[in-house]
Structures are given as structure tokens and as C-alpha cells.
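This structure is a prediction, so every number in the text was calculated from the model and none was measured.
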Amino acid sequence: MATAKTKQKILKTFLDLLSEHPYEDVSLPLIAETAKVKLSEMRSAYASKLKLVAAFLEQIDTAVLDERDEDMGDQPPRDRLFDILMSRIDAMAEHKEAVRALHKAARRDPALALDLNALEVRSQKWMLIAAGIDVSGVKATVVAQGLSVAFARVIGVWLDEEDEGMPRTMARLDKELDKGTSFMKRLNKLDGVAKGIRSFFRKASERSGRRGDRAESGREDTDLGGEAPAGA
């Protein structure tokens with residue numbers, strides 16, 4: 001089994017190579033050779049490049065969760081999410097060229113784009129949790145998916161921005177969150193309608209069940225009374 005130190009060395013090597021080469025050119029044997037580890041250790045640590053990408057995103061998630069500002073708790077949800085997502089970008093800054101390589105690869109390979117989207121949706125669920133935004137179930141997946149797409153657009157701007165103050169990136173994040181707020185309002189309305197419909201059908205089903213019980217009880221009473229005499 002690969003040790004935690006070996007896994008960290010392999011992940012760092014992967015990100016370093018990705019900063020200099022296209023994603024398609026960074027093979028597992030190349031990573032192992034550059035990291036000076038055996039292929040068996042490579043296999044034990046990360047069975048695929050996608051596992052390495054997942055480990056990278058988990059590393060970013062952890063950094064954001066560890067550094068989140070507890071003093072933002074009394075701020076509006078939108079402001080808390082803005083702060084969390086900017087922290088995410090800050091955490092990614094050290095590996096900006098690796099992120100660029102992944103971004104380009106996803107645009108060339110639809111299958112890879114789907115895989116990366118699934119990983120990003122999982123991360124964005126944690127970003128929502130970090131921002132104190134309470135969503136669960138199917139709604140959480142829908143919101144995280146929308147946030148994942150929006151954040152990808154923000155990353156596209158960030159990758160092309162040279163100003164360290166990131167005014168264009170922040171402006172785009174503002175814009176995306178404005179659209180997201182509008183989406184959440186519509187989603188909450190739909191959620192309320194859906195709950196109302198489910199409640200209606202549940203109550204209708206209960207009423208139908210009660211009518212069926214009464215009808216069954218009536219039939220039993222008739223049966224107990226026996227057959228009516230002829231001519232009665």
C-alpha cells in the first residue's frame with residue numbers, strides 16, 4: 001500500500017506535469033517515472049488519472065473548509081457563498097496552469113467533461129455547506145449542478161485574467177450568483193408547488209382509503225344481516 005507521503009508526492013508530480021503538458025500527454029507511467037515510484041505504488045495510490053483529479057479537488061475542498069471565515073455567519077447567504085467561492089479560487093491559484101490544462105482537456109473531450117462535472121458537483125455541495133446554505137436531497141444536486149456550471153464560467157474568466165486583484169473574475173462571479181439567486185427563487189416556488197401536489201395526492205389517497213373502509217364495513221353489515229325474506 002502506498003503511504004500518505006507517497007500519495008502526496010504522486011499528486012504533486014501530477015499537478016506539476018499538468019502545468020507543463022496537455023492532460024492527454026500526462027500518462028500514469030510518466031507520473032510514476034517522474035515521481036520515482038514503482039508502478040505498483042502508482043496503482044495502489046491512484047488507479048487512474050481521474051482519481052488524481054478527484055484527489056486534487058478534495059485537497060482544494062479541504063483548504064476552503066479549513067479556512068472559511070466564521071465571522072461571515074451573520075451575512076446574507078449570497079455574500080457567504082461569494083466569499084467561499086473566492087476562497088476556492090485562491091486555493092487553486094498555486095496550480096493555475098494545471099487547472100488551465102484540465103479546463104482545455106474538458107472542452108476537447110465530452111466524456112472527460114462529464115467525469116469532471118460529477119467531481120465538481122460533489123465539491124460544490126461542500127461549498128454550499130461551507131456557506132451555510134441548507135439544501136438536501138434532489139434539490140441539493142440540482143443546485144450544486146447549477147453552481148458547478150456557473151463556477152466553470154467564472155474559472156474561464158479567471159484563467160485569462162492577469163490582474164492579481166481579479167476585478168473581472170469577481171464581477172463575473174457576482175453576475176453568476178445574481179442569476180443563481182433568481183434560479184433559487186424559481187426553484188423554491190417549484191419546490192413549494194411540488195410539495196403541495198404531493199400533499200394533495202396523499203390526502204386524496206387517505207380519503208379514498210377511508211371511503212373504501214366504510215364501503216367494506218357496509219358490505220360486512222349486509223352480509224351479517226343475512227338474505228332478506230322473499231316478498232319483504
Residues which pass side chain to side chain donor-acceptor pair (under 3.5 Å) with [X], listed by chain and number, not counting sequence neighbours:
X: Gln145; value: Asn117
X: Glu120; value: Gln124
X: Asp174; value: Arg78
X: Lys125; value: Thr141

Would [X] end up clustered with [Y] when hydrophobic side chains under 4.5 Å apart are linked, directly or stepwise?
X: Ile60; Y: Ile10; answer: yes
X: Leu102; Y: Val157; answer: no
X: Met170; Y: Met92; answer: yes
X: Val142; Y: Val149; answer: no

Please list, one pair per line, the donor and acceptor atoms closer than 3.5 Å that link side chains of residues 33-40 to other protein atoms, with sequence neighbours excluded.
from  : atom 1 : to    : atom 2 : distance (Å)
Thr34 : OG1    : Leu30 : O      : 2.8

As a quick check of understanding, evaluate salt bridge (Lys or Arg N to Asp or Glu O under 4.0 Å) for Arg88 and Asp61, giving each step before the final call. CA-CA 7 Å; Arg88 187 169 185 81; Asp61 295 347; 2.7 Å; yes
Mind checking salt bridge (Lys or Arg N to Asp or Glu O under 4.0 Å) for Lys12 and listing every partner two or more places apart, or none if nothing turns up? Asp16
Residues two or more places apart in sequence or in another chain: which of them pass salt bridge (Lys or Arg N to Asp or Glu O under 4.0 Å) with Asp83? none
Criterion side-chain contact (heavy atoms from CB on, under 4.5 Å) on Leu119 and Leu50, from CA distance to verdict: CA-CA 9 Å; Leu119 294 175; Leu50 196 61; 3.9 Å; yes
side-chain hydrogen bond (donor to acceptor under 3.5 Å, both in side chains): which pairs involve residues 105-116, sequence neighbours left out?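 Every pair satisfying side-chain hydrogen bond (donor to acceptor under 3.5 Å, both in side chains) with a residue in residues 105-116: Glu24-Arg108.
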Enumerate the residue pairs fulfilling side-chain hydrogen bond (donor to acceptor under 3.5 Å, both in side chains) with a member in residues 154-163, sequence neighbours excluded, ordered by first and then second residue.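 Pairs touching residues 154-163 that pass the test: Glu161-Thr169.
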Show your working on side-chain contact (heavy atoms from CB on, under 4.5 Å) between Tyr46 and Leu11 and close with a plain yes or no. CA-CA 9 Å; Tyr46 301 103; Leu11 179 57; 4.0 Å; yes
Decide yes or no for Leu28 and Leu52: does some side-chain heavy atom of the first lie under 4.5 Å from some side-chain heavy atom of the second? yes
Pairs satisfying salt bridge (Lys or Arg N to Asp or Glu O under 4.0 Å), at least one member in residues 143-154, at least two apart: Arg153-Glu176
After noting the C-alpha distance and the side-chain angles of Val154 and Leu85, does the key distance pass the side-chain contact (heavy atoms from CB on, under 4.5 Å) rule? CA-CA 10 Å; Val154 175; Leu85 293 179; over 6 Å; no
Tell me whether Arg80 contacts the main-chain N or O of Gln75 through its side chain, where contact means a donor paired with an acceptor under 3.5 Å. yes
Using side-chain contact (heavy atoms from CB on, under 4.5 Å), reason through Leu15 and Glu97 one step at a time and then give a plain yes or no. CA-CA 9 Å; Leu15 294 171; Glu97 293 310 310; over 6 Å; no
Within 45° cone of Phe14 ring axis and under 6.0 Å: Lys49 NZ or CZ: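 Output no; distance or angle outside limits.
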Identify, with sequence neighbours excluded, every residue that meets ring pair (Phe, Tyr, Trp, His ring centres under 6.0 Å) alongside His95.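 With neighbours one apart ignored, the set is Phe56.
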For Leu159, side chain to side chain contact (heavy atoms under 4.5 Å, CB included) partners two or more places apart: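 Leu159: side chain to side chain contact (heavy atoms under 4.5 Å, CB included) contacts with Lys96, Val99, Arg100, His103, Ile155.
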